[in-house]
Amino acid sequence: MSHKLSEGSLEVIMNGGVYDKPIMQVLGSKKIQGSGANERFRLLVSDGKHSHSFAMLATQLNDKLISGELSDYSVVQIDRFVTSLLKNTGKGEKRVMIILDITIVCPGSEVGKKIGNPQTWTEESSGASAAPAQAAAAPAPSLRPAPKPMSLAPTVSANLDSSILSSQMTHPIASLSPYQNKWVIKARVMSKSDIRTWNNARGEGKLFSMDLCDDSGEIRATAFKSECDRFYDMIQVDKVYYISRCQLKTANKQFTSMKNDYEMTFTANTVVAECMEDSSSVPSIKFDFVPINEIAAKNVDTLLDIVGVCKSAADLQELTARSTGKLLKKRELTLVDNSGGAVVLTMWGKEAENFNDNSNPVIAVKGARLSEFNGSKSLSCLASSMIRLNPDLPEAHKLRGWYDNGGADMEIVNISARAGGYTGGSNEWITFADAEARQLGSGDKGDYFSLLGVLTFTFADNAVYKACPQEQCNKKLVDQENGLYRCEKCNREYPNYKYRLLLSANVSDASGDQRITAFNEAAEAMLGTNVAEIGRLFEYDKTAYTQLFEEVKFKSFVFKFRTKMETYNDEARLKTTVMNVQPIDYKDANKRLIASIKTISGVEV
DNA sequence: CCCCCCCC
């Protein structure tokens, strides 16, 4: 079997010309830099006429070489490449070819030999004979030789003449690497972070970061300290800038969803100038969408891009972060797509507050974090996530059409659902029968659910006890019968104590009932009296005490429970604890009732 | 040189 190589393509390319998808043969490879994520390989390629050893493999293609796919003698089609001039110590400049995309036409094991008799390409061989080749290579080369070193002061100011930068040919973002520092990119700002400060063992400072893209790829850039001051106001989302002289380093994939092995840092020498000409050729935000039914197979904590129709949006919830004490606002959306999957996406802060769109918009998110709770996966927006409502993207238009033409009624599998079923966020009310059907409590961590129920019985007898007076310790004290009380937990005796409540009760709803336990705050809320007063009644007015527990019977509340299967004496039973109890907000309760009538009957109410 | 991103 013979293979036709693109004879003469190398000299066109090495002269800076354009050659679309040349077919070449790999004659050798060599590791030139680093190891692990920093590995970089050089290829010896041949077009049958010339061979050239300065083809570099973009690092995202390293696997092809390591796996043996790109073995010697392989015939390949170079689908995408850029060339770049490297300063060659003492000898002027040398052009290298960086391969960005490659297709293996025939594996080396099948070809088995060198095709033709290629001569080594040298800069010298690019003399007169090469000139016609370049001239023939229309349209104009995408990368002209020799952007001369910029003699710009390393400052950014309004009077920086962007034409100096723009007059030079720019480099594709995908070709940037730490091994090549003479470049200018023309890139659009997809997003920009707020200024953040840090203060740790290594020092303190401030920074902001931005995500840049062009039609070849994308990259994260960070400006620290004085660069943060210098560039923060200038950099604006959606604008296009010429940027040069940044430091490149290996990106930590844990913290970015950018499709780039590198990220860049602004330095004292960095030059940025806004592009004042037409920049419509520079694309905006780039997504790499994962179909919803594939999300469950991804690892927790990975960042991914998603697009889906917002099938439902829960109410805004306010909560206090346990670690920081900060007041948080969140909203859970359920997104669906034509893969048959559904997933819960949590938005935070302003984005959660401002979202109240009931028109089932298409939502695209870049860099949402996959998290897991109670055995089910869901997505959470981060400060760095980019959210777009009804974006003008083919995928979004496709989903709009799908949803509006039957997709809305399609059977879906909610990947955020737990083994026993998803409660749709802690906001949804279910029934005891639902909780049983969903086998809530059967997992390792316990499950949470809310319902409207009635207190059918309260066990008054041991509802109040004398507890350790220490703030954090609520251990029941042992009466030493000598005026002192012993705490086994603190291992000491106290002359004083505080009262605490531990109320056992039955709660019923229309579908069933459940023995529950309410600790101090929840029990106080139900009884409508504080624990000190209840303790006083217990001590001095047993009739009033008993009366209190009688009066609360048959009162209704909105309960939030935590339930978990526990084993006592070889017998498994549900331990259900009241996490929160609220009086009924009838406006809200009626809204839920109407919604549920609508669902059950299929009739608009 | 950051890398926190929350809750049930």
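Numbered from 1 within each chain, the chains take letters A, B, ... in sequence-line order. The figures that follow rest on heavy atoms only: side chains count, while hydrogens, waters and symmetry mates do not.
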* Could you encode protein contacts along nucleotides 1-6 of chain B as a string, one character per nucleotide from 5' to 3', using B for base contact, S for sugar-phosphate-only contact and - for no contact, with a heavy-atom cut-off of under 4.0 Å? => BBBBBB
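- For the atom pair CZ (A:Arg331) and CD (A:Glu351), the distance works out to 12.0 Å, reported to the nearest 0.5 Å.
- To the nearest 0.5 Å, atoms CG (A:Leu501) and CZ (A:Phe519) are separated by 11.0 Å.
- A cation-pi arrangement is found for A:Lys192 relative to A:Tyr232, the charged atom lying closer than 6.0 Å to the ring centre and inside a 45° cone about the ring normal.
- Between A:Glu566 and A:Lys575 there is no salt bridge, since no side-chain N of the basic residue sits under 4.0 Å from a carboxylate O of the acidic one.
- When each of A:Lys366, A:Arg369, A:Lys286 is tested with A:Asp305 by the rule salt bridge (charged side-chain N to carboxylate O under 4.0 Å, His left out), just one qualifies, namely A:Lys366.
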